Q: 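Got a structure for you, questions after.
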Amino acid sequence: MSESTQPTEKVNYKPTLNLPKTSFPMRANLAQNEPQSMKRWDKQRLYGLVNEARRDGQPFVFHDGPPYANGSIHAGHLLNKVLKDIVVRSRLMAGKNCPYVPGWDCHGLPIEHRVMTGLVESGKIAKFNTLTDNQRRMAIRRECRKYADKHIKLQAQQMQRLLTHADYDNPYLTMTPDYEQAVLEVFADLVQQDLVFRALKSVHWSIENQTALADAELEYYDKTDISVYVDFEAVDRDAVAQAFGVELDQTPTFMIWTTTPWTLPANLAIAVHEKFRYALVLVDGNVTIIASELLNKVTAAAKSEAVEVLAETDGSKLVGLRYRHPFCDRESPVVAADYVTLEDGTGLVHTAPGHGVDDYNTGLREGLDIYCPVLGDGSYDDTVPEWLVGKNIWKANSEIVEHLRRSGHLFHDHEFVHSYPHDWRGKSPVIFRATDQWFVGVERPTRWDKQSLQQLALDKTETEVNFIPQWGRNRMRGMLESRPDWCLSRQRAWGLPIPAFAMENDEVFLTAASVRAVAKRFGEHEGGSDAWFTEAPEELLRHYNPADDPDAPDNLDVARLKPMYDIFDVWFESGSSWNAVMRQRDLGYPVDLYLEGSDQHRGWFQLSLLPALAVTGQPPFRTLLTHGFVVDKDGRKMSKSGGNALDVEAVLKDYGADVCRWWVSSLSYENDVKADTGFFDLASESYRKVRNTLRFLLSNLFDYDANQSDAAQLPAPNALDAWIMHEAGRLQQQVAAAYTTYEFRRVHQLLYDFCNDTLSATYCAAVKDRLYCDAEDADRRRSTQRAMFTIADMLSRLLAPIMPHTADETFRALHNADDPMQTVHLQTQVELPDWPCNERWPSILELRDVLLKAVEMAKSSLDVDNPLDIGVKLQLLSNEEVVRSFEYQDLADLVGVSRIDEEPSNTDVEPSVSGVVFRAYDLRDEPRCDRCWRRTVDTTARSDGATLCDRCADAMK
RNA sequence: GGGCCCGUAGCUCAGUUGGUUAGAGCGCACGCCUGAUAAGCGUGAGGUCAGUGGUUCAACUCCACUCGGGCCCA
């Protein structure tokens with residue numbers, strides 16, 4: 001700063017200025033202060049108050065999907081719950097009636113598995129095993145319920161810490177009696193439409209525990225088995241010869257390979273790959289068929305000496321040929337299958353639909369029996385050859401090999417070590433076994449114009465469901481098209497029982513009316529579906545009268561019924577929530593919005609859609625919004641074991657919920673979301689920018705009384721104020737629209753840019769001088785304060801859905817709230833009046849940019865540091881009218897220089913960007929106001945020796 | 001292996017139906033202010049639009065393939 005322009009004696013004018021004052025802290029200290037906000041809201045019972053206040057508002061029906069009641073919340077929950085909360089809060093702010101009932105998925109294998117593991121580890125399992133079946137089931141269920149309760153409490157607490165505004169006092173739980181009742185009512189409706197049936201399906205089966213096992217209950221260990229190459233004799237020699245285009249005088253065989261000889265009695269097909277080449281070979285005097293590529297490997301393994309390829313053909317030519325089973329009296333076909341590989345075996349795959357998933361699917365497709373001659377205890381039933389009946393399958397393995405060897409069907413055998421699934425508890429090997437299961441038939445006609453569920457689902461998602469993002473529709477369609485029948489049953493204890501009974505004649509008793517009767521019983525029973533394990537059939541069916549049931553079997557004797565113990569797939573329970581929650585609690589149906597991760601296209605979305613369509617004929621949702629998954633900073637999947645999972649609790653503690661939510665609002669959530677603690681540093685920075693802008697507004701309102709300074713008493717707003725109010729109005733409309741269309745990222749962008757650019761860098765910088773230096777009561781200053789007050793109030797409301805704590809803190813500071821009941825969250829958005837403002841503002845802002853650059857250049861060329869030591873002369877050419885419609889002082893404030901004025905235009909000069917010619921010049925020789933530090937034309941020496949501008953001289957009076 | 005999707009500055013993202021020199025914020029560099037001060041302001045440098053090939057007068061944009069990543073199946 002130049003010495004020559006400094007006043008000789010320094011008077012401190014600082015006390016005469018209206019400098020900002022506020023108790024609103026610069027540092028948010030969210031980790032400490034957010035819990036206090038939560039307490040205040042809790043005490044005033046805010047959730048209920050808001051609902052009460054919005055009771056007559058237009059409803060917006062939102063339905064929360066239930067997370068699984070297991071473990072702590074993770075990054076995915078953070079994203080999901082915050083997005084939901086932003087939706088709900090923004091709808092409430094718009095005056096909508098929008099309840100948010102949170103829910104939990106309580107039943108199911110993961111909990112049961114954890115509980116069982118605990119029992120095994122603690123040794124309690126021994127005691128459980130001494131109980132009767134139903135006592136044991138009840139004991140397990142009690143443990144599972146305790147486990148679920150504990151985690152629901154934990155998660156609810158963590159979700160509340162995210163500042164979500166939901167009815168945590170009345171959540172829905174899939175394990176409560178009322179919920180269970182409503183699920184069974186949905187099921188009854190499906191039964192009534194004949195959509196439910198029983199059929200065989202291959203499952204992992206533990207012989208040791210005589211139970212079906214889920215994938216999660218398998219452990220893989222190496223197991224030594226006998227692997228065998230078996231010749232299956234062709235039925236029609238000529239047909240085979242024709243397929244290979246040769247003549248044959250010997251009946252050829254199909255050579256298969258298997259490591260489970262005990263499944264051979266259930267063989268019903270041989271699968272080949274249509275695109276592979278197969279060879280007709282003379283090996284050691286026999287003619288057999290092997291995949292060409294595997295021929296050498298197989299004959300080498302068997303140490304065959306004489307190998308001669310007679311012909312080759314495509315797999316597709318073999319399809320349809322038939323063969324004779326080596327020791328069962330039947331013929332079976334060769335079929336095509338894609339899963340046939342050339343890695344092991346012969347390229348011809350032994351297929352037993354009762355003993356394998358691929359085999360099972362092939363069996364369904366080819367219309368084969370799902371034949372399973374193995375009983376639950378691992379012994380053969382009486383449908384197999386006599387020498388095998390009653391034998392244990394593991395023992396039978398070697399007998400079958402010997403039998404094949406003797407009958408000449410065994411080409412080769414050797415021991416083979418492979419990874420094989422074992423029961424996680426007993427560590428014994430499991431088998432695949434076809435068992436009776438319950439299904440929902442997706443291709444059966446429903447009561448809705450006889451269309452199938454699949455067809456209804458395809459049609460309705462095409463026309464009646466809105467997808468965000470759009471590609472969700474394709475994804476859903478693809479999944480629906482390939483949707484198999486829905487297997488509803490599981491063989492577990494922790495779940496809702498499928499209320500079926502076995503009759504004396506071994507037939508199954510389950511009708512729509514009987515299901516409804518049990519539903520009613522569960523609903524009124526304190527323990528809900530626990531009744532299934534503690535009550536006799538007469539009690540369970542106390543609301544059932546066979547005389548009123550057209551489907552009741554003739555010979556029904558309720559007293560002699562035996563309950564069956566399959567439970568529902570948990571997806572059927574959560575998939576009935578539209579009934580168990582939304583319809584039962586009268587919250588609105590169909591629902592406006594389901595919002596979940598994109599994995600739920602197959603999960604909750606689809607499995608809610610199917611039952612709802614069956615029962616109501618319409619989709620349960622109008623809009624499906626999906627978000628991506630949270631991945632690590634390199635875009636890789638997060639996992640606890642991978643060590644790259646985000647610690648949500650730590651992030652909340654270090655950054656606070658408002659920062660986390662501000663981060664969530666910045667995401668393009670439709671794609672995968674990268675997250676790392678470092679990302680929250682950035683969100684923190686940007687949060688602080690917004691916070692500081694709010695603080696600046698608040699700090700300049702310390703002497704402003706919004707009630708007294710009513711609009712009527714104030715003069716027309718200054719051009720700057722009119723402009724910022726106009727911008728604020730536009731912002732409000734854009735933000736409101738973006739909230740409505742779930743474009744939170746745009747909301748974030750708009751709010752950030754407005755705070756950072758429009759307010760902080762432009763408006764606030766420009767009005768500082770008048771706020772600080774104008775007389776306290778000057779019209780110009782009051783007009784500015786009015787704008788700032790209005791905007792701060794508006795911003796607190798616009799920000800409330802994203803940062804509930806900070807918005808409330810701002811709102812309460814602005815309104816000097818001592819009353820704990822005062823909160824932004826009971827407010828609705830105020831529509832700002834359409835403020836007229838000079839329509840030339842865009843040109844002026846362009847001019848500002850140009851002049852800022854000019855000032856920057858002048859600073860170096862004139863060797864000036866402080867822009868207040870610079871003045872700008874304009875030559876107005878094409879845009880005379882535009883510039884002259886503004887006051888030069890306002891322009892100077894916008895650019896941050898002491899003064900801007902005109903000079904006569906010189907026609908020789910080329911106009912620059914905005915049609916102006918400008919010249920920045922050094923003002924350091926001009927007097928500088930001691931109070932406002934500007935070098936305006938009216939700054940002169942005053943009688944008391946001070947150098948002041950007129951405005952400051954006035955303000956001092 | 002199949003279905004759906006993603007890949008633009010160091011980072012997070014814009015980029016209309018193909019059409020001038022691909023935009024913004026953060027970060028970074030340099031500077032200012034010291035009356036928003038553990039703040040605030042200005043200026044500037046950063047890009048082979050994942051890769052290859054094709055369609056076109058013209059491709060970040062349309063098509064095919066490849067690579068990397070995610071979800072759901074098998």
Side-chain angles (χ1 to χ4, degrees), chain A residues 1 12-22 24-27 76 337-339 341 357-358 361 467 469-484 596-603 605-606 626-638 663 666-668 670-676 678-679 681-686 688-689 691-700 745-746 748-749 752-753 755-757 759-762 764-766 768-769 771-773 848-849 851-857 859-860 864-870 895-897 931-933:
Chain A
M1 197 167 297
N12 182 14
Y13 285 97
K14 197 163 170 177
T16 73
L17 300 175
N18 312 302
L19 291 179
K21 267 183 242 163
T22 181
F24 189 90
M26 191 178 283
R27 296 180 66 89
D338 286 340
Y339 54 80
T341 72
V357 173
D358 284 339
N361 291 326
F467 286 83
Q470 281 293 321
W471 52 256
R473 178 173 282 118
N474 290 343
R475 188 159 188 200
M476 190 82 145
R477 193 194 303 121
M479 288 170 174
L480 286 168
E481 279 166 353
S482 59
R483 160 92 243 171
E596 306 295 337
S598 60
D599 55 335
Q600 300 303 336
H601 283 114
R602 188 169 195 92
F605 294 161
Q606 192 191 131
T626 52
H627 55 79
F629 274 63
V630 182
V631 294
D632 76 6
K633 63 180 193 312
D634 302 317
R636 289 174 196 271
K637 162 197 201 132
M638 280 187 176
W663 171 73
S666 76
L667 303 168
S668 32
E670 60 272 20
N671 297 330
D672 284 340
V673 169
K674 289 184 189 173
D676 190 69
F679 289 29
D681 288 328
L682 299 183
S684 251
E685 282 296 312
S686 118
R688 291 223 303 265
K689 295 279 273 191
R691 182 180 180 85
N692 261 317
T693 302
L694 293 170
R695 180 170 179 269
F696 182 79
L697 297 179
L698 290 169
S699 66
N700 281 291
R745 189 185 156 72
R746 183 166 156 71
H748 179 103
Q749 196 86 269
Y752 181 78
D753 286 350
C755 287
N756 197 32
D757 195 42
L759 279 178
S760 185
T762 310
C764 294
K768 267 185 196 175
D769 172 78
L771 284 169
Y772 299 170
C773 304
R848 173 178 179 265
D849 280 342
L851 293 183
L852 280 172
K853 286 186 178 67
V855 166
E856 196 64 24
M857 286 198 291
K859 275 162 72 181
S860 60
V864 178
D865 283 335
N866 192 331
L868 284 178
D869 290 337
I870 288 176
V895 179
V897 295
R931 187 165 173 271
C932 71
W933 301 341

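Quick note on labels: first sequence line is chain A, next is B, and so on, each numbered from 1. Worth knowing before you read on, the calculation uses all heavy atoms, side chains too, and leaves out hydrogens, waters and symmetry mates. All values reported here derive from a predicted model rather than from experimental measurement.
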Q: Taking only the C1' atom of each, what is the distance from B:U21 to B:U17 in whole angstrom?
A: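 Straight-line distance between the two C1' atoms is 23 Å.
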
Q: Using the test ring-ring contact (aromatic ring centres under 6.0 Å, His included), find all partners of A:F605 that sit at least two apart in sequence or belong to another chain.
A: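 If we apply the ring-ring contact (aromatic ring centres under 6.0 Å, His included) test to A:F605, skipping adjacent residues, the hits are A:H601.
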
Q: Students often get this wrong, so: under 4.0 angstrom with heavy atoms, is A:P469 touching a base, only sugar-phosphate, or nothing?
A: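 A:P469: no heavy atom of the nucleic acid under 4.0 Å.
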
Q: For A:R931 and A:Y772, work out which heavy atoms get closest and say how close.
A: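 Looking at all heavy atoms of both residues, the closest pair is NH2-O, 4.3 Å.
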
Q: Name all stems that contain residues of RNA chain B, defined as runs of 3 or more consecutive Watson-Crick or G-U wobble pairs, both distances under 3.5 Å.
A: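 So far as stems of 3 or more pairs are concerned, RNA chain B shows B:1-7 with B:67-73, B:10-13 with B:23-26, B:28-32 with B:40-44, B:50-54 with B:62-66.
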
Q: Compare every heavy atom of A:K674 with every heavy atom of A:K633, then report the nearest pair and how far apart it is.
A: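 Of all heavy-atom pairs spanning A:K633 and A:K674, the closest is O-CD, 3.5 Å.
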
Q: Between A:Y13 and B:G35, is there a side-chain N or O to OP1/OP2 distance below 4.0 Å?
A: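 Negative; the distance criterion is not met.
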
Q: Return the set of residues passing side-chain contact (heavy atoms from CB on, under 4.5 Å) with A:D358 (not counting sequence neighbours), or none when no residue passes.
A: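 For A:D358 the side-chain contact (heavy atoms from CB on, under 4.5 Å) partners, ignoring immediate neighbours, are A:Y339.
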
Q: What string of B, S and - do you get for nucleotides 37-45 of chain B, 5' to 3', if B is base contact, S is sugar-phosphate-only contact and - is no contact with any protein heavy atom under 4.0 Å?
A: SBSSSBSS-

Q: With C1' as the reference atom in both, quote the distance from B:G27 to B:G10 in angstrom, rounded to an integer.
A: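 Roughly 8 Å separates the two C1' atoms.
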
Q: If you measure from the C1' atom in B:A59 to the same atom in B:U20, how many Å do you get, rounded?
A: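 Looking at atom C1' only, B:A59 and B:U20 are 15 Å apart.
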
Q: Determine the Euclidean distance between corresponding C1' atoms of B:U52 and B:U12; express it in Å to zero decimal places.
A: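 The answer is 29 Å between these two C1' atoms.
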
Q: List every contact pair, protein side and nucleotides 72-74 of chain B side both N or O, where the distance is under 3.5 Å.
A:
residue	atom	partner	partner atom	Å
B:C72	O4'	A:R475	NH2	2.9

Q: Polar-atom pairs under 3.5 Å, protein N or O versus N or O of nucleotides 7-18 of chain B: list them with distances, or write none.
A:
residue	atom	partner	partner atom	Å
B:C13	OP1	A:S668	OG	3.3
B:C13	O4'	A:R745	NH2	3.3
B:C13	O2'	A:R745	NE	2.6
B:C13	O2'	A:R745	NH2	2.1

